[in-house]
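Contents: one structure, followed by commentary.
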There are 2 protein chains.
Amino acid sequence: MRVGELSKRSGVPVATIKYYLREGLLPAGVLTSPNQAHYDDEHLRRLRLVRALVDVGGLSIASVRDVLVAVDTRDDSLHNKLGTVQEAITQPGSAELDPLAVKDVQEFFARQGATDCVDVTESHVTHMLATALSAARSVGHDDFRNLLDPYLEGLKIIARADLEYITRHGSPDDIIEGMVVGTLIGDAVLKAVRRLAHGQVSREVFGQRPPD
Amino acid sequence: MRVGELSKRSGVPVATIKYYLREGLLPAGVLTSPNQAHYDDEHLRRLRLVRALVDVGGLSIASVRDVLVAVDTRDDSLHNKLGTVQEAITQPGSAELDPLAVKDVQEFFARQGATDCVDVTESHVTHMLATALSAARSVGHDDFRNLLDPYLEGLKIIARADLEYITRHGSPDDIIEGMVVGTLIGDAVLKAVRRLAHGQVSREVFGQRPPD
DNA sequence: GCTATCGGAAAGGTACACTATCCATATGCG
DNA sequence: CGCATATGGATAGTGTACCTTTCCGATAGC
């Protein structure tokens, strides 16, 4: 197909597709003449992945590129690849780390027997966790960190489901793409379902009674 | 204090504070003369809340304003207030809803006995859920929706911890602010901890020591 | 032959979140 | 008092991100 049909089938404007091609988010089509190119279903699939990452995952164009590079790299262990992808799909966050929050994270790791797993200062994920705990402190919720353990308890159930889902979708190369999709779309789903759960809880607790 | 000290104590530049004042994110200080105003600890607290919503929650300035209006509204039930706040802290997402995804959401609600709770087409949260499921479909993960139930199972544990946290922090007016902080910072924490869990699981499965 | 579309490059546009400048006061210190 | 500095308020400007628009000469397809 040519770019017009790619646009029609994906819902992405032609100008935007050209922009993604320029930015390296989409591989170039096969040139059949100096100014005609041919795109296939892989391009369509990749384009839809890009839109999912941008729209649902909220990733920047630069992050999407990082993710796709990791997805496309073949000569790497799955574990390393997941690490690369996780860094790419986690927004860095520029602020300095609060030492108190770093200590919270380290204590959490120690409690969970994962001390050797990650260096707090080196990973976007732990940086994000420390930043969030620091923000909680700054608005007067010093003991928000006490929620880490129950959160992990619930997330173990969720991570188990994630793993099972991923391994069931064990097409040879799709597994990393499945991780990306599952992680980012999973984030959005978790966010939404958690809010629904809050709503139901709030209905039970604050529902009919008028406030004093 | 005057704006300079407010800036020093919060780490937010004076120009940015002025911008927030213009945008109604921060109430004006008490004027002691035509061009001198006085700010107190409430301003500092509010300013830190704004930064937490922007930095950790990733909210736009407009969304922050919506949240603060809801937080400051006094004559409303807590349940309604939570609803307003939830709408404000959940990005709308402009796309059309995919009927298949809407059906997934409705079936999920029916399974969980929450049919009367929310109108799928009317709430940002359900819109977000349907959008996420639709995106999953579009990249070839039609059965991602099967994860909804295990996700809810894990989130019940988490929501219970959230509720207990909120009610323990039951200062009369702070409860809504606690909900906002707990929800948004909680989102970030959940995201991070889930990635850590994935990393550990990946280490077990794909790392150097497979469990079996 | 004629019109629509193409690939490719470059310039333009829009939205957002600040940031800088200006100015007529006010403050605080010596 | 004198004077550098800071202030409130208004207006204009900046930087980044993500597209759009416009142009071009070259096909494609009827």
Side-chain angles (χ1 to χ4, degrees), chain A residues 1-40 43-44 47 49-68 88-89 91-95, chain B residues 1-40 43-44 47-68 88 91-95:
Chain A
M1 75 190 93
R2 292 186 301 167
V3 78
E5 191 181 346
L6 189 60
S7 168
K8 243 172 255 165
R9 288 225 255 160
S10 64
V12 179
V14 172
T16 306
I17 294 176
K18 286 184 175 186
Y19 168 66
Y20 288 165
L21 286 166
R22 272 200 308 282
E23 295 296 316
L25 268 51
L26 215 52
V30 182
L31 283 174
T32 60
S33 51
N35 66 340
Q36 293 292 306
H38 170 259
Y39 304 92
D40 58 18
H43 288 94
L44 180 58
L47 184 52
L49 177 60
V50 168
R51 292 312 295 203
L53 298 184
V54 169
D55 292 341
V56 179
L59 296 193
S60 68
I61 298 301
S63 299
V64 171
R65 191 173 28 229
D66 293 346
V67 170
L68 296 178
I89 64 183
Q91 244 69 326
S94 52
Chain B
M1 77 188 93
R2 292 185 300 167
V3 77
E5 191 180 347
L6 188 60
S7 167
K8 243 171 257 167
R9 286 226 256 162
S10 62
V12 178
V14 172
T16 305
I17 294 174
K18 286 184 174 185
Y19 168 65
Y20 289 165
L21 286 165
R22 275 200 306 283
E23 294 296 317
L25 268 52
L26 215 51
V30 182
L31 283 173
T32 59
S33 50
N35 68 339
Q36 292 293 303
H38 170 257
Y39 304 91
D40 58 18
H43 288 94
L44 180 58
L47 184 51
R48 289 210 252 246
L49 176 61
V50 169
R51 292 312 297 203
L53 298 184
V54 169
D55 292 342
V56 180
L59 295 193
S60 67
I61 298 302
S63 298
V64 170
R65 189 171 32 229
D66 293 345
V67 170
L68 295 178
Q91 245 68 326
S94 51

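Values below: all heavy atoms of this structure, side chains included; hydrogens, waters and symmetry mates excluded. This structure is a prediction, so every number in the text was calculated from the model and none was measured. Naming convention: chains lettered A, B, ... in sequence-line order (proteins, then strands); numbering from 1 in each chain.
Taking CG from B:L49 and CG from B:L53, the interatomic distance works out to 4.5 Å, rounded to the nearest 0.5 Å.
For the pair B:R22 CZ and D:dT11 P, the interatomic distance rounds to 10 Å; values are reported in whole Å. Taking atom CG of residue A:D55 and atom C1' of nucleotide D:dA17, one finds them 15 Å apart after rounding to whole Å. Taking atom CZ of residue B:R51 and atom C1' of nucleotide C:dA17, one finds them 10 Å apart after rounding to whole Å. Distance, A:Y19 OH to C:dA11 P: 17 Å, rounded to whole Å. Residue A:E5 contributes atom CD, which lies 14 Å from atom C1' of C:dC6 at whole-angstrom precision. We find that CD of B:E23 is positioned 14 Å from C1' of D:dA10, with the value rounded to whole Å. With rounding to whole Å, B:K18 atom NZ is found 8 Å from D:dT7 atom P. Across the protein-nucleic acid pair, B:M1 atom CE and C:dT27 atom C1' stand 18 Å apart, rounded to whole Å.
Which of C:dA10, C:dA17, C:dG7 sits closest to the side chain of A:V3 comes down to C:dG7. Comparing C:dT19, C:dA17, D:dT20 against the side chain of A:P13 picks out D:dT20 as the nearest. Side-chain atoms of A:P34 lie closest to D:dT27 of the nucleotides C:dG7, D:dT20, D:dT27.
Contact of the B:D40 side chain with the B:H43 side chain is registered, since non-hydrogen atoms from C-beta on lie closer than 4.5 Å. Residues A:L44 and A:Y39 fail the side-chain proximity criterion, which asks for heavy atoms closer than 4.5 Å. Put simply, the side chain of A:S33 reaches to within 4.5 Å of the side chain of A:N35, judged on heavy atoms. Contact check for B:T16 versus B:R51: side-chain heavy atoms found under the 4.5 Å cut-off.
Of the two residues contacting DNA chain D, namely A:L59 and B:G4, the nearest-nucleotide position lying further toward the 5' end is that of B:G4. Heavy-atom nearest nucleotides on DNA chain D were determined for B:Q36 and for A:I61, and the one closer to the 5' end corresponds to B:Q36. Nucleotides of DNA chain C nearest to B:T32 and A:A37 differ in position, and the one nearer the 5' end is that of A:A37.
Put simply, A:Y20 has a side-chain N or O that comes within less than 4.0 Å of OP1 or OP2 on D:dC19. Residue B:S33 places none of its side-chain N or O atoms closer than 4.0 Å to OP1 or OP2 of D:dG8. Close to D:dT27, at under 4.0 Å from its OP1 or OP2, lies a side-chain N or O of A:N35. One finds a side-chain N or O of B:Y39 lying less than 4.0 angstrom from the OP1 or OP2 phosphate oxygen of D:dG8.
Screening B:I61, B:L59, B:L25 against B:V54 for a side chain to side chain contact (heavy atoms under 4.5 Å, CB included) leaves a single residue, B:I61.
For B:R2 against D:dT5, a side-chain-to-base donor-acceptor contact under 3.5 Å is absent.
At a threshold of 4.0 angstrom between heavy atoms, the contacts of B:L21 with the nucleic acid are absent. Contacts of B:A15 with the nucleic acid, taken as non-hydrogen atoms under 4.0 Å apart, include base atoms.
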